[in-house]
Amino acid sequence: MTLRTRISDALKQAMRDKAAERLSTLRLINAAIKDKDIASRATGSDDGASEAEVLAILGKMAKQRMESARAYEEGGRLDLAERERQEIAVIEEFLPRQLDDAEVEAAVEAAISEVGASSIRDMGKVIGLLKTKYTGRMDFGAVGPKVKNRLG
């Protein structure tokens, strides 16, 4: 079952269950995917967003909400921070399991050896390979410095 189908089914189920907050988040996800579909049509692709692009959208949405929750907590708005966390939980249902630190280290090592990276100049190739294999499964903001330390 594709990711789009899973999201669509969850949206329909949320409507049936009258789960307003879950429905709201699922509609936001659907809207972001449709925006990507429209943008890809403008570039000549009639297929719309690929599975990898949908995963990237979901990852970006989760990350934005984590940052918002942190900002709300710092501002003393715990009610808004909790709302953001609820949205994160809904979004993460559709993301693959995140890799733990040991798995990330192993993936970085494997990518470095696969690309044949020997210096910091090869960092882009390593990150590119990791993104093709692990989109939505690791935080590339945290992986970048690990690759840099390993190569530098």
Side-chain angles (χ1 to χ4, degrees), residues 1-75 77-115 123-148:
M1 182 184 303
T2 68
L3 200 49
R4 283 176 191 265
T5 308
R6 286 179 47 214
I7 292 168
S8 179
D9 290 348
L11 184 77
K12 291 171 190 170
Q13 188 61 47
M15 281 185 214
R16 277 186 232 117
D17 296 344
K18 294 182 175 47
E21 291 185 4
R22 181 175 172 75
L23 182 61
S24 171
T25 303
L26 291 166
R27 283 183 172 152
L28 286 172
I29 292 170
N30 239 2
I33 293 169
K34 286 183 180 175
D35 283 346
K36 185 64 177 176
D37 287 344
I38 291 167
S40 66
R41 270 190 236 124
T43 60
S45 172
D46 292 334
D47 298 337
S50 67
E51 283 283 308
E53 289 172 322
V54 172
L55 280 174
I57 289 167
L58 292 172
K60 183 178 177 183
M61 290 178 80
K63 187 174 180 179
Q64 288 170 338
R65 278 150 186 79
M66 283 182 212
E67 291 168 2
S68 295
R70 212 171 297 123
Y72 286 140
E73 282 178 351
E74 290 170 7
R77 298 295 309 267
L78 299 179
D79 56 327
L80 295 174
E82 183 57 33
R83 170 80 176 118
E84 295 292 319
R85 283 206 178 73
Q86 289 170 354
E87 287 188 8
I88 291 168
V90 172
I91 293 167
E92 285 181 342
E93 288 176 31
F94 303 101
L95 287 171
R97 183 187 66 80
Q98 296 291 304
L99 299 178
D100 62 29
D101 288 337
E103 291 171 320
V104 169
E105 290 293 333
V108 167
E109 288 298 322
I112 288 172
S113 64
E114 188 173 329
V115 170
M123 185 172 166
K125 293 177 190 172
V126 174
I127 296 289
L129 179 64
L130 289 171
K131 282 188 176 183
T132 60
K133 290 184 175 184
Y134 300 104
T135 298
R137 297 185 63 201
M138 63 172 64
D139 177 14
F140 289 98
V143 170
K146 290 180 182 185
V147 173
K148 189 174 185 179

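Only this structure's heavy atoms are used, side chains among them; waters, hydrogens and symmetry mates stay out. Note that the coordinates shown come from a computational prediction; the quantities given were computed from them, not determined experimentally. We number each residue from 1, following the sequence as shown.
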Would you say the side chain of [Y] lies within less than 4.5 Å of the side chain of [X], judging by non-hydrogen atoms?
X: Q13; Y: R22; result: no
X: E93; Y: T25; result: no
X: V54; Y: T2; result: no
X: D101; Y: K146; result: yes

Can you give me the closest heavy-atom contact between [X] and [Y], atom names plus distance?
X: A14; Y: L26; answer: CB-CD1, 4.0 Å
X: G59; Y: L95; answer: N-CD2, 3.9 Å
X: S113; Y: A110; answer: OG-O, 2.9 Å
X: G48; Y: S40; answer: CA-OG, 3.3 Å
X: Q86; Y: E21; answer: OE1-OE1, 2.6 Å
X: R27; Y: M15; answer: NH2-CE, 4.1 Å

Using 0.5 Å steps for rounding, measure from the [atom1] atom of [X] to the [atom2] atom of [Y].
X: L58; Y: K63; atom1: CG; atom2: NZ; value: 15.0 Å
X: I127; Y: Y134; atom1: CD1; atom2: OH; value: 12.5 Å
X: E67; Y: E84; atom1: CD; atom2: CD; value: 10.5 Å
X: I112; Y: K125; atom1: CD1; atom2: NZ; value: 13.0 Å
X: L55; Y: K60; atom1: CG; atom2: NZ; value: 14.5 Å
X: K148; Y: M123; atom1: NZ; atom2: CE; value: 6.5 Å

CA sep, side-chain torsions, deciding dist, call: R83, E87, salt bridge (Lys or Arg N to Asp or Glu O under 4.0 Å): CA-CA 6 Å; R83 170 80 176 118; E87 287 188 8; 3.3 Å; yes
Are any side-chain N or O atoms of [X] and backbone N or O atoms of [Y], one a donor and one an acceptor, separated by less than 3.5 Å?
X: E74; Y: A71; answer: no
X: E51; Y: L3; answer: yes
X: E82; Y: D79; answer: no

So among N30, D37, D9, which one has a side-chain contact (heavy atoms from CB on, under 4.5 Å) with R4? D37
Run the numbers on E73 and R85 for salt bridge (Lys or Arg N to Asp or Glu O under 4.0 Å), then give the verdict. CA-CA 11 Å; E73 282 178 351; R85 283 206 178 73; 2.4 Å; yes
Pair Q64, I91 - check side chain to side chain contact (heavy atoms under 4.5 Å, CB included), show working. CA-CA 11 Å; Q64 288 170 338; I91 293 167; over 6 Å; no
